[in-house]
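See below for the structure under consideration.
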Amino acid sequence: MSGEQSHHGHPHPGHPDHAHEHDHPHGEGSELSPIELRVRALESLLVEKGYVDPAALDVLIDTYETKVGPRNGARVVARAWSDPAYRDRLAADATAAIAELGISGRQGEHMVAVENTAAVHNLVVCTLCSCYPWSVLGLPPVWYKAPPYRSRAVAEPRAVLAEFGVALPAGTSVRVWDSTAEMRYLVVPMRPAGTEGWSEEALAHLVTRDSMIGTGLARDPAGASAGRP
Amino acid sequence: MSGEQSHHGHPHPGHPDHAHEHDHPHGEGSELSPIELRVRALESLLVEKGYVDPAALDVLIDTYETKVGPRNGARVVARAWSDPAYRDRLAADATAAIAELGISGRQGEHMVAVENTAAVHNLVVCTLCSCYPWSVLGLPPVWYKAPPYRSRAVAEPRAVLAEFGVALPAGTSVRVWDSTAEMRYLVVPMRPAGTEGWSEEALAHLVTRDSMIGTGLARDPAGASAGRP
Amino acid sequence: MNGAQDLGGQHGFGPVAPDVDEPLFHAAWERRAMALTLAMGATGSWSIDTSRHARERMPPADYLASSYYEIWIAGLERLLVEQGLATAEEIAAGRSLAPPAPVKRVLAAADVPAVLARGGPTERPATAPARFAVGDGVTTRLANPHGHTRLPRYLRGRPGVIERVQGCHVYPDSYAHGAGEAPTWLYAVRFAAEDLWGADAEPDTAIVADLFEPYLTPG
Amino acid sequence: MNGAQDLGGQHGFGPVAPDVDEPLFHAAWERRAMALTLAMGATGSWSIDTSRHARERMPPADYLASSYYEIWIAGLERLLVEQGLATAEEIAAGRSLAPPAPVKRVLAAADVPAVLARGGPTERPATAPARFAVGDGVTTRLANPHGHTRLPRYLRGRPGVIERVQGCHVYPDSYAHGAGEAPTWLYAVRFAAEDLWGADAEPDTAIVADLFEPYLTPG
């Protein structure tokens, strides 16, 4: 998947003198949009300058397409649901507790876990850019980075939640975490009823990406395959 | 000048079925920009609906191109410079004092005159839209309506003044009037030195549009024809 | 509303760049846009407050990418549709596809001078005494209004002093939404720049804005 | 800076419209944009704070009209020019027209897992005791900073309570401008929604933001 976009051996793929000398799997320059041409030219330049190793680009893409994603966070949540001592460690020092599961790294260097309860629902946003806990959730979805969510989550969180199909019971407080610095927030959703005795692996399948941002709840075990990511 | 753009007798000038049936002095539809086509279509529709009398449009344009403009305000300022009693009436009730000179009307219904002194320099802006005293200054210039001026005048007025070439003497306070309601502000600039005994008409030539917004000073009598509007 | 129109204190727009030889209109269509907007306003189908609210609801990216007469045209088109005077299809076609809706009046060429001279005064007889007097300390309210307001974001929750009592005027927050003129006391309120921008304020600077009584609390 | 990136509390952008079947990337170029940005970040030529400031200086109309990876690419191009790693001409041409500038390191494919796992921790040893403790009342400063800051406009001049002490971290307001890491205490500060949005706040809602000590005054 990343290989088909590789430009190895194309020193100037964006330059008109060279654009037609090579085999481009996604069509020739004239079929590319302005942003495609722009990114291709930029990659070509940075590779030629020696600042960027094209093989490293492929590994970076592969990492976030296949290795780092919300399944990491789901493992953390399932463990917290299953193991009260782990849950306490996660609350006390989320970075260390998450590292116990072999999960760490970029955009997850300083983690905070915030646990939903019947009294408090947590929601995470970054109003100033798109700060997101990559190490546990992977790359953020488009809506998380776009103006509607970033502008509204801190001012009308319940209206935003309604657009995700989430209606909180009366009496639930909302706490919105605006990730303005390098702390990254993982919401621990409420464990669904009717999951007593489930394995961590089975529980992890109930933990959606959105439930760990706070824009969703964990899946109902009766319909675990349905619903939002 | 307004006549050359008139669409009298062109019931559907923006509609493709009709666009080539008539003589358009500014070229056929294909040469018009999207906004030109859009405004032409809108005028055509509104005239056809009977909401708008095209002759009234021409009178409106002629009014603001030839009759209502900063010369109105300059007359007010020159009178205030020349007549202390008028100056007092202008300070007490600017709407009435301006009406004494036969000047009144749209976007000047409720006037306030703010006088510059050696101690205080006044500057007018509308951060929320483009409120401007049309009856005394005519239509606002583009910069008055554009984001740079509207965003900066209330936060860094001296930096803005510097871009107009105005450097205030040390010790001068700045007072920025944000026209957030229907009050319209006319700045009375300081009367230049060396104009003792000048006629009102001669004084009026020193009063620039910008000096009545506060982004300029009255012209130096030594070089009265130079400088900003 | 906290739309793109609320520009006070925003950054990133570059220098003011005034044009010394700026023409009154930059293109012929701007003349027509100005006149069409005024002529339609004269039909009495909406207020200036309603039309400002129509403009400020333009998507922010479009608002900031548009010239002011482009914003006027977009606002006029929106008002025509919302007030039932034309459909989007008619606007796209540039011709009428259905009978016109009734309007209160049509501005005749001969009436233009009188109508412009009369303008649209907004002062109304007071229905209650003014709550504040010159010199009173006030604090502006915090708010997050989705409707039209004339209290900009940079002036919310800040302390100021009543500079002038401007009379009792049509209240835009009501009238823009067709909820009546609701005449309300209006005050010029003076703010020290330091109370708006902290240590980044330019020295010896005051900002004065015209604010309606419901925007203000005592002290 | 008060740029288009400072979106908290702005209106007019419409519904959130989450996409249930959203792909991780919407086009092949987004993959390359992501990887190029990370790989250039790994050269050590700038900090994440500098890169955020590069993005937020995009003209507001462009910022709001761009997708997030488009903003990243524009920011990357700006950084390359500002840091002397490439010229605008080279970026337009898509090829090198001059020798490369030295960079601290080039990310090799084999090193990617280790570099990503290490990340870029920002916590530093404290150089002074923390001024505030959990439960302390604070007020955020007013400001109008033209440089980079992580104090959004909607949180300026507002009262809050220290919710967590997050340690001593690289101070973005300094580091973004190459003025050193200046490690500074960081606090999660809790605000009642009513103290930000007044009567328009949703009930029983708090907002918590991570704010650096210089943004805060006691009480």
Side-chain angles (χ1 to χ4, degrees), chain A residues 2 5 12 14-15 26 35-36 38-39 41-46 48-53 55-57 59-61 63 65 104-110 127-130 139 141-143 145 147-151 154-158 160 163-164 173-178 180-183 228, chain D residues 5-10 13-18 20 22 24 28-29 31-33 35-36 38-40 43 52 64 68 70 73 85-86 90-91 93-96 100 103 106-109 112 116-123 150 152 154 166 169 186 197 202 204-211:
Chain A
S2 60
Q5 271 306 101
H12 311 291
H15 187 264
H26 281 186
I35 185 68
E36 286 171 322
R38 189 170 164 194
V39 174
L42 195 57
E43 176 172 342
S44 181
L45 171 64
L46 298 178
E48 186 188 356
K49 287 275 194 187
Y51 301 148
V52 162
D53 171 6
L57 301 180
V59 178
L60 285 164
I61 292 166
T63 301
E65 278 207 309
S104 70
R106 191 177 194 285
Q107 292 297 311
E109 296 90 344
H110 307 291
T127 60
L128 293 176
C129 44
S130 59
L139 299 176
V142 164
W143 58 260
K145 302 181 281 187
Y149 185 73
R150 289 168 54 196
S151 60
V154 293
E156 43 178 4
R158 285 178 179 78
V160 168
E163 290 174 20
F164 283 87
S173 297
V174 169
R175 185 165 287 201
V176 183
W177 299 80
D178 188 354
T180 40
E182 298 309 319
M183 311 306 298
R228 290 199 39 80
Chain D
Q5 94 291 351
D6 190 354
L7 284 164
Q10 286 295 104
F13 297 109
V16 174
V20 174
E22 182 184 333
L24 192 61
W29 70 266
R31 290 183 179 84
R32 311 307 292 181
L36 280 172
L38 265 59
M40 283 308 301
T43 66
R52 286 190 185 125
L64 295 176
Y68 211 80
E70 287 171 341
I73 287 297
L85 297 189
E90 290 177 314
I91 290 169
R95 58 174 183 155
S96 185
V103 295
V106 173
L107 179 64
V112 169
L116 290 181
R118 192 162 58 240
T122 56
E123 193 165 5
R150 300 299 287 181
Y154 81 99
Q166 307 279 33
H169 287 258
L186 179 68
W197 314 115
E202 289 188 354
D204 205 4
T205 298
I207 290 86
V208 190
D210 288 317
L211 302 179

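Lettering follows sequence order; numbering is per chain, from 1. Keep in mind the model is a prediction, meaning the values are calculated, not measured.
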| field | Beyond-backbone contact of D/Tyr154 with D/Trp197, side-chain heavy atoms, under 4.5 angstrom | value | yes
| task | Specify which of D/Thr43, D/Val103, D/Leu64, D/Thr122 makes the most heavy-atom pairs with chain A at under 4.5 Å. | result | D/Thr122
| query | Which one, D/Ala39, D/Ala33, D/Ala17, D/Ala117, leads in non-hydrogen pairs under 4.5 Å with chain A? | reply | D/Ala117
| A/Arg158 versus D/Thr205: any side-chain heavy-atom pair under 4.5 Å? | yes
| So do the side chains of A/Val52 and A/Glu43 get within less than 4.5 Å of each other, counting heavy atoms only? | no
| field | Within-4.5 Å side-chain heavy-atom neighbours: D/Leu85 and A/Lys49 | value | no
| What residue in A/Gly105, A/Ala56, A/Ser151 has the most heavy-atom pairs under 4.5 Å with chain D? | A/Ser151
| field | Interface moiety of D/Arg52 toward chain A, non-hydrogen atoms closer than 4.5 Å | value | side chain
| query | Which atoms of A/Ser104 come close to chain D, meaning under 4.5 Å heavy atom to heavy atom: side chain ones, backbone ones, both, or neither? | reply | both
| Residue selection (most heavy-atom pairs with chain A, distance under 4.5 Å) from D/Glu70, D/Arg118, D/Gln166 | D/Gln166
| message | For chain A, which candidate among D/Asp6, D/Leu24, D/Leu36 shows the most heavy-atom pairs at distances under 4.5 Å? | response | D/Leu36
| Given a strict heavy-atom distance threshold of 4.5 Å, which part of D/Glu123 is in contact with chain A: side chain, backbone, both, or neither? | both
| Under a 4.5 Å heavy-atom cut-off, does chain D meet the side chain of A/Leu128, its backbone, both or neither? | both
| said: Return the NE2 to CD distance between D/His169 and A/Glu109, rounded to the nearest 0.5 Å. | reply: 10.5 Å
| Is it the side chain or the backbone of D/Ile207 that comes within 4.5 Å of chain A heavy atoms, both, or neither? | both
| Can you tell if the side chain of D/Tyr68 reaches within under 4.5 Å of the side chain of A/Val142, non-hydrogen atoms only? | no
| remark: Pair count under 4.5 Å, heavy atoms only, with chain D: among A/Val39, A/Asp53, A/Val154, highest is A/Val154
| field | Greatest number of heavy atom pairs closer than 4.5 Å to chain A - which of D/Ala35, D/Gly14, D/Gly9, D/Ala108 | value | D/Ala35
| request: Using the test side-chain contact (heavy atoms from CB on, under 4.5 Å), find all partners of D/Ala86 that sit at least two apart in sequence or belong to another chain. | output: A/Leu45, D/Leu80, D/Glu90, D/Ile91
| query | Hey, which of D/Gly119, D/Gly8, D/Ala109 has the most heavy atom pairs under 4.5 Å with chain A? | reply | D/Ala109
| said: Looking only at the side chains, is there a donor atom on one of D/Asp204 and A/Ser173 sitting less than 3.5 Å from an acceptor on the other? | reply: yes
| message | Tell me which of these, A/Arg150, A/Glu156, A/Glu182, A/Lys145, has more heavy-atom pairs under 4.5 Å with chain D than the rest. | response | A/Arg150
| Contacts of A/Tyr51 that satisfy side-chain hydrogen bond (donor to acceptor under 3.5 Å, both in side chains) - sequence neighbours left out | none
